[in-house]
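Step one of this worksheet: look at the structure below.
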Amino acid sequence: VLGLLQDLLQEPGKYVRHDHFAELANYLNREKQVPGQPSTAKRPLKNQPSEFAVFGRNLIDPEALNQMNTAMKMPVVVKGALMADAHVGYGLPIGGVVAAYNAVMPYGVGMDIACRMHLSVYPDPPELLRRQKDHIKQLLTDNTRFGLAEFNDIGDHELMERREWKEIAFIRGLKQKFYNQLGTSGHGNHFVDIGHLVVSDFTGELGLQPGTYLAILSHSGSRNFGAEVAMHYTKVAKAKLGLSGEAGQLAWLDLGSQEGQEYWQAMNLAGDYSKANHHIIHGKLSQALGSNPIKRVENHHNFAWEEKLSEHESLIVHRKGATPAHEGDVGIIPGNMVSPAFIVSGKGNAMSLQSASHGAG
C-alpha cells in the first residue's frame with residue numbers, strides 16, 4: 001500500500017480514473033505539474049502550436065489548418081493529426097484528431113456526438129435493386145425519417161431507463177425529444193441507402209466470401225440530444241476557463257471535475273443512442289425486406305476515447321469527423337452521392353493517432 005501511495009504521489013496522472021484514488025489523484029494533479037505531462041490547470045495558450053501530421057495538405061482549406069493550429073495551442077493538447085478530407089467546423093475542424101491530457105473538449109468531439117456508420121449485408125441477390133426498384137424505394141420511404149419527422153411506434157426502450165437521466169440535471173429536459181427522435185436520421189449528409197456490396201480480397205477481416213451482396217448503409221448520429229450536450233458543456237467550459245473568441249470554441253473540461261464527468265457520461269449515452277438509432281433503422285428495413293443480415297459493420301466518429309498511445313501515455317483522443325483505425329479495425333468510409341463507400345481495415349498508423357478520414361462528403 002505504501003508503495004502504491006508513493007507512486008501515486010510521484011505520478012498522480014496515472015490514477016485519475018482509478019476506482020479508489022481518482023479524487024486524491026485529481027487533487028494532486030491540480031496542485032503540481034506532473035513530470036513530462038501538461039497540467040489541466042487554467043493556463044494561457046501555448047505561444048506556438050505543437051506539431052501535427054497533415055494528410056493531403058494541398059487539398060485542405062487554409063481555414064481548417066488555422067483552426068487546427070489553434071487547437072494545437074491548447075495547453076492540454078499533446079498530439080494531433082489532420083485527415084485528408086478535413087474542412088472547417090465549430091472549434092476543431094472536421095477531420096481533426098487531437099489527444100489531450102485528462103481533459104475533454106466538447107467541440108473537439110463535435111455537435112453530432114457519436115455520428116455513426118452502419119452496414120448490414122444480406123444474402124439476397126443484388127438484382128433485387130433492378131427488379132424491384134419501386135418496391136425498395138417505397139420500403140425506404142416507409143421505414144426512415146429525416147430531420148424533424150419522427151416515428152410513433154417505437155414503444156419502450158432500455159435507453160430511457162439509464163441512470164444518467166437521474167444523475168445529470170442538465171439532460172433531464174432533453175429526455176422527451178431524445179425518445180421522440182429514436183430511430184430517426186438527421187439533416188445534411190446523413191443518409192440511408194440500399195445498394196450492393198462488392199467483396200473481393202477482403203475476406204479475412206470481413207468474414208465474407210468474394211461476391212456481390214445486397215446491403216444497407218446508413219449514416220447518422222445522436223440527433224438534437226448530441227447538439228444540446230455539446231453547446232451546453234462548451235458554454236460551461238468557456239466560463240470556467242475564461243476563454244473567448246476562436247480559442248473559446250475549444251474550451252475543455254478537466255475529467256477530474258464534476259462537469260467533466262457529466263459531459264463524459266452524456267457523451268457515452270449519446271454514443272449508445274446513436275447506435276440504437278441505426279439498429280432501429282436496420283431492424284425496420286430488414287423486416288420490410290423479409291431478410292436477416294449475415295454481417296454487420298459499424299463504427300462511429302465525433303467521439304472521445306481514452307487510449308494508451310504509448311506504454312506510459314494514457315490520453316483522451318478526440319476524433320471529430322475521423323474514424324478509429326487501430327490495426328485490424330474494420331470500418332466504413334462513405335463517399336458522396338455519386339461515389340462509392342469503402343470497407344476498410346485499420347493500419348494502426350501512429351502519425352494519424354490511429355485514425356482515418358470519415359468521408360461522407
Side-chain angles (χ1 to χ4, degrees), residues 85 115-147 149-155 181-221 223 274-301 323-325 328-347 356-361:
D85 61 348
C115 191
R116 194 174 188 87
M117 301 301 311
H118 187 121
L119 175 77
S120 291
V121 185
Y122 296 84
D124 306 82
E127 288 77 15
L128 282 175
L129 289 169
R130 178 175 50 82
R131 296 202 309 261
Q132 300 183 27
K133 182 178 178 180
D134 291 340
H135 173 62
I136 288 175
K137 180 179 177 181
Q138 193 61 49
L139 293 185
L140 278 170
T141 302
D142 292 344
N143 293 284
T144 59
R145 299 287 186 273
F146 287 84
E150 298 166 352
F151 288 110
N152 57 12
D153 61 347
I154 298 299
Q181 293 185 335
L182 267 168
T184 69
S185 304
H187 288 293
N189 65 347
H190 295 154
F191 61 82
V192 181
D193 283 346
I194 298 182
H196 62 267
L197 171 69
V198 179
V199 178
S200 53
D201 58 353
F202 195 64
T203 54
E205 294 90 344
L206 201 55
L208 291 172
Q209 293 300 314
T212 305
Y213 299 81
L214 187 73
I216 296 173
L217 180 63
S218 56
H219 173 223
S220 194
R223 308 295 281 110
S274 180
K275 182 175 183 177
N277 289 336
H278 285 271
H279 279 255
I280 291 169
I281 292 166
H282 286 246
K284 283 177 171 287
L285 286 169
S286 294
Q287 186 174 15
L289 283 168
S291 185
N292 292 314
I294 55 174
K295 183 70 179 180
R296 293 180 186 266
V297 179
E298 48 188 326
N299 59 257
H300 57 268
H301 40 276
T323 298
D329 276 355
V330 179
I332 305 163
I333 300 180
N336 56 33
M337 287 182 141
V338 294
S339 62
F342 293 89
I343 313 301
V344 296
S345 179
K347 292 183 175 182
S357 297
H358 115 283

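Computed from a prediction, not measured in an experiment: that's the story for all the values here.
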Checklist line | Shortest non-hydrogen separation from I333 to A356 and the atoms involved | finding: CD1-CB, 4.3 Å
Check: Can you tell if the side chain of I154 reaches within under 4.5 Å of the side chain of I280, non-hydrogen atoms only?
Finding: yes
Note to self: For H282 and H118, take the angle between the two ring planes, folded into 0 to 90°, and tell me which bin it lands in: parallel under 30, tilted 30 to 60, perpendicular over 60.
What the structure shows: tilted
Check: Are K295 and Y122 in a cation-pi contact, defined as NZ or CZ under 6.0 Å from the six-membered ring centre and within 45° of the axis?
Finding: no
Notebook entry, point to check: Is the side chain of R223 donor-acceptor paired with the backbone N or O of S274 at a distance under 3.5 Å, no angle test?
Noted result: no
Item checked: Any donor-acceptor N/O pair, N299 side chain to I332 backbone, under 3.5 Å -> yes
Note to self: Is there a side-chain contact between L214 and H196 in this structure, where contact means two heavy atoms from C-beta onward sitting under 4.5 Å apart?
What the structure shows: no
Next item on the list: Kindly indicate whether the side chain of Y213, heavy atoms from C-beta on, has any atom under 4.5 Å from the side chain of I294.
Entry: yes
Margin query: Check this for me: E150, atom CD, are more than 12 non-hydrogen atoms of other residues, nucleotides or ligands nearer than 6.0 Å?
Written below: yes
Next item on the list: Please confirm whether H358 and H300 have ring centers closer than 6.0 angstrom.
Entry: no
Note to self: Would the distance check show the side chain of H219 and the main-chain N or O of V192 forming a donor-acceptor pair, the cut-off being under 3.5 Å?
What the structure shows: no
Item checked: K137/D142 salt bridge by N-O under 4.0 Å criterion -> no
Check: In this structure, which one of H190, H278, E298 forms a side-chain hydrogen bond (donor to acceptor under 3.5 Å, both in side chains) with R116?
Finding: E298
Check: Can you check whether L285's main-chain N or O pairs, donor with acceptor, with N143's side chain at less than 3.5 Å?
Finding: no
